[in-house]
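To start, the structure itself, in structure tokens.
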2 protein chains.
Amino acid sequence: MRRGQQTGANSIKKNFASIYFMQLEQAQSIIAEAVQKKQLLCVVGNCFVEYWGRAASKLPKGKRMLLIKGDSSFAIHQNKNLRPTNYMMNAAISCELQGENLVLKATKRKPKESITVTFYSIEFAKAFEMEDSADIRLFGSETELSRELMQDLSFIEPGLKPAQSECPFRKGVVDILAEDVEGNLVVVEVKRRKADYKAVTQLERYMKQVEKIKGKRTRGILIAPDIQKNARELLEESGLEFAKFDFEIGNPKAKIKGIKKKQRDLKEFF
Amino acid sequence: MRRGQQTGANSIKKNFASIYFMQLEQAQSIIAEAVQKKQLLCVVGNCFVEYWGRAASKLPKGKRMLLIKGDSSFAIHQNKNLRPTNYMMNAAISCELQGENLVLKATKRKPKESITVTFYSIEFAKAFEMEDSADIRLFGSETELSRELMQDLSFIEPGLKPAQSECPFRKGVVDILAEDVEGNLVVVEVKRRKADYKAVTQLERYMKQVEKIKGKRTRGILIAPDIQKNARELLEESGLEFAKFDFEIGNPKAKIKGIKKKQRDLKEFF
DNA sequence: GCGATCAGCGGCACG
DNA sequence: CGTGCCGTTGATCGC
């Protein structure tokens with residue numbers, strides 16, 4: 001790219017900047033080549049979008065950005081929202097001239113769906129070769145917090161000992177399975193953010209399963225930074241327990257700041 | 001843009017295409033102006049990304065595309081996945097030269113978080129004025145299906161009638177509240193896709209709430225195109241019912257193809 | 001602002 | 001493949 005060429009043109013002919021269009025034939029060849037080479041393709045133009053599949057949608061004429069990635073993900077972006085307006089993963093992509101328009105189609109079976117993007121004009125189209133072998137490293141996931149917690153469950157209550165973590169059951173995975181001082185089994189469910197009623201029903205379900213399989217009294221403790229009011233009610237109705245869990249995201253691993261356990265004895269419930 | 005300029009350069013100097021870089025100062029001014037004007041900004045370059053907030057992440061050096069939109073959404077895209085690797089909504093954005101690098105920062109409070117993108121080189125940076133007043137129109141959402149169903153509940157079972165014109169419960173909480181021929185209340189939960197155990201616990205919760213408030217026998221019917229095996233078991237254990245719900249996405253509204261109700265009498269349960 | 005819930009959820013891991 | 005479930009879930013609507 002020639003330095004300053006674009007901005008130069010824009011500053012001289014500000015009011016006409018938007019009339020510099022690309023021939024659709026040229027765009028078509030850029031697109032076809034990019035898709036074939038699995039490059040990152042960026043197309044900006046005036047278009048109309050239709051989707052048919054799991055649902056159906058129409059996006060009236062307007063200017064959008066089409067982003068096609070090397071893994072055949074296909075996304076129409078408007079100038080708002082993180083998420084694309086229309087999208088498809090693992091799309092089979094075609095691109096052809098139809099009269100005065102350039103029509104891109106993304107299709108997929110299983111589930112069967114299709115996106116049709118009809119470009120009336122294209123302002124910009126460019127492919128980028130994206131050498132990038134790196135992968136993101138994320139810290140502070142729920143699994144990581146569970147593992148951290150496993151190190152010392154006495155934060156939750158004295159004498160609580162870890163038995164297993166991430167133990168797969170017939171259905172779902174129990175975050176932590178532990179044993180309290182009285183020899184009861186304790187199912188611990190960890191949530192990285194404010195727990196809602198779904199977390200409670202999830203824990204209840206696991207707890208009952210474990211109780212059934214192991215055939216001995218089992219408690220359920222939900223650990224989260226906070227819990228929603230109605231979730232709290234549901235939890236207490238179900239005889240489950242909640243423990244507040246403050247943490248700070250650290251590097252290389254999360255740091256547990258402290259745990260305040262709500263005082264609620266098993267005997268209260270039974 | 002001059003027609004053919006880009007592809008021309010690429011075809012002549014294929015092997016050197018990637019060495020055409022932009023001065024960071026120039027990129028900086030493009031970026032600053034785009035952010036100020038709420039244009040759609042697209043930057044491609046070699047960078048390193050750090051995130052700190054609800055979690056923490058590091059993305060090692062590599063070539064990515066940064067997309068900043070008019071609503072201050074900020075997204076780093078790799079050449080894979082629909083979703084950005086790093087992102088932020090409603091970001092406060094800064095952009096400054098730091099030594100040999102151009103550093104973009106996106107920050108936010110509530111929750112407090114920040115993304116730092118350190119560009120070592122920038123291959124491309126361009127802002128697009130995105131005149132686009134149109135909004136997507138989507139058909140086939142759960143709400144729409146509920147409304148469709150409301151028209152004629154006899155599809156589910158003969159004599160089933162909407163209980164009240166206006167449900168006394170908060171909108172959206174109970175999909176449909178109806179009354180069967182025997183005068184029982186019926187809570188109907190509609191799912192647009194294969195129902196899982198969460199749909200069952202949700203229905204159970206609503207059903208019990210309604211039963212408690214109204215003080216009369218209440219049934220719960222889950223309506224979905226399909227249901228998972230263990231969700232089915234849970235549902236039957238809870239004395240709830242399932243009705244298959246085939247539909248076709250149509251325009252302007254979804255068409256219900258038919259409903260096959262599983263024969264399961266209330267008396268069976270009570 | 002928080003709460004609740006849907007989403008064409010996407011993405012990942014596991015069986 | 002389906003199944004389950006987390007996510008920096010995002011996005012929307014109601015309060």
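Residue numbering restarts at 1 for every chain, and letters A, B, ... go by the order of the sequence lines. Because the structure is a prediction, the values reported are computed rather than measured.
Between the Arg54(A) side chain and the Glu113(A) main chain, no donor and acceptor come within less than 3.5 Å of each other. For Arg219(B) (side chain) and Glu241(B) (main-chain N/O), no donor-acceptor pair under 3.5 Å exists by modelled atom type.
Note: CZ (Arg205(B)) to P (dA4(C)) measures 8 Å, nearest angstrom. A straight line from CD of Glu144(B) to P of dC6(C) spans 16 Å, rounded to a whole angstrom. Rounded to whole Å, atom P of dG8(C) lies 17 Å from atom NZ of Lys58(A). In this entry the distance linking CG of Asp196(B) with P of dA7(C) reads 13 Å, nearest Å. Atom pair Ile136(B):CD1 and dC9(C):C1' shows a separation of 14 Å (rounding to whole Å applied). Between the CE atom of Met88(A) and the P atom of dG8(C) there is a distance of 13 Å, rounded to whole Å. Whole-Å rounding puts the Tyr197(A) OH to dG3(C) P distance at 16 Å. Per the geometry, CG belonging to Leu203(A) stands 16 Å off C1' belonging to dC6(D), to the nearest Å.
When the options Thr107(B), Leu66(B), Asn86(B) are evaluated for a side-chain contact (heavy atoms from CB on, under 4.5 Å) with Phe74(B), the one that passes is Leu66(B). Considering Glu204(B), Gln209(B), Gln202(B) in turn, Gln202(B) is the only one that fulfils the side-chain hydrogen bond (donor to acceptor under 3.5 Å, both in side chains) rule with Tyr206(B). Across Val117(B), Ile115(B), Thr116(B), a single residue satisfies side-chain contact (heavy atoms from CB on, under 4.5 Å) together with Tyr51(B), and that is Ile115(B).
Listed candidates were dC6(C), dG7(D), dG8(C). Nearest to the side chain of Arg192(B) is dG8(C). Among dC6(D), dC5(D), dG10(D), the nucleotide with an atom closest to any side-chain atom of Arg54(B) is dG10(D). Proximity note for Leu138(B) (side chain, C-beta onward) versus dG10(D), dG8(C), dT5(C): the nearest is dG8(C). Of all nucleotides listed (dA4(C), dT5(C), dG8(C)), dG8(C) comes nearest to the side chain of Ile115(A). Nearest to the side chain of Gln202(A), among dC6(D), dG7(D), dG8(C), sits dC6(D).
The residue among Met89(B) and Val190(A) whose nearest nucleotide of DNA chain D is located toward the 5' end is Val190(A). Two residues, Ser141(B) and Ala231(A), neighbour DNA chain C, and the one matched to the more 5' nucleotide by heavy-atom proximity is Ala231(A). Residues Lys110(B) and Ala55(A) each lie close to DNA chain C; by heavy-atom proximity, the contact nearer the 5' end of the strand is made by Lys110(B).
Taking atom P on both nucleotides, dA4(C) is separated from dG8(C) by 22 Å, rounded to a whole Å. A distance of about 15 Å separates the C1' atoms of dA7(C) and dC6(D), rounded to the whole Å. Here, dG7(D) and dC6(C) have their C1' atoms 15 Å apart, quoted to the whole Å.
In this structure Asp226(B) satisfies the salt bridge (charged side-chain N to carboxylate O under 4.0 Å, His left out) test together with Lys194(B), sequence neighbours excluded. In this structure, the salt bridge (charged side-chain N to carboxylate O under 4.0 Å, His left out) partners of Lys229(A), at least two apart in sequence or on a different chain, are Glu233(A).
The base of dG3(C) lies outside donor-acceptor range of the side chain of Gln228(A), with no N or O pair under 3.5 Å. No hydrogens or angles were tested; on distance alone, a donor-acceptor pair under 3.5 Å links the side chain of Asn86(A) to the base of dG8(C).
Within the 4.0 Å cut-off from OP1 or OP2 of dG2(D), not a single side-chain nitrogen or oxygen of Lys194(B) is found. Within the structure, a side-chain polar atom (N or O) of Tyr206(B) is placed less than 4.0 Å from OP1 or OP2 of dT5(C). Taking side-chain N and O atoms only, Lys191(B) has a distance below 4.0 Å to OP1 or OP2 of dC6(C).
When all heavy atoms of Ser57(B) and Leu138(A) are compared, the closest pair comes out as CB-CD1, 3.7 Å.
One finds the CD atom of Gln78(A) at 13.5 Å from the NZ atom of Lys63(A) (value rounded to the nearest 0.5 Å).
In the region residues 68-84 of chain A, proximity to DNA chain D at under 4.0 angstrom, judged on heavy atoms, holds for Asn81(A), Leu82(A), Arg83(A).
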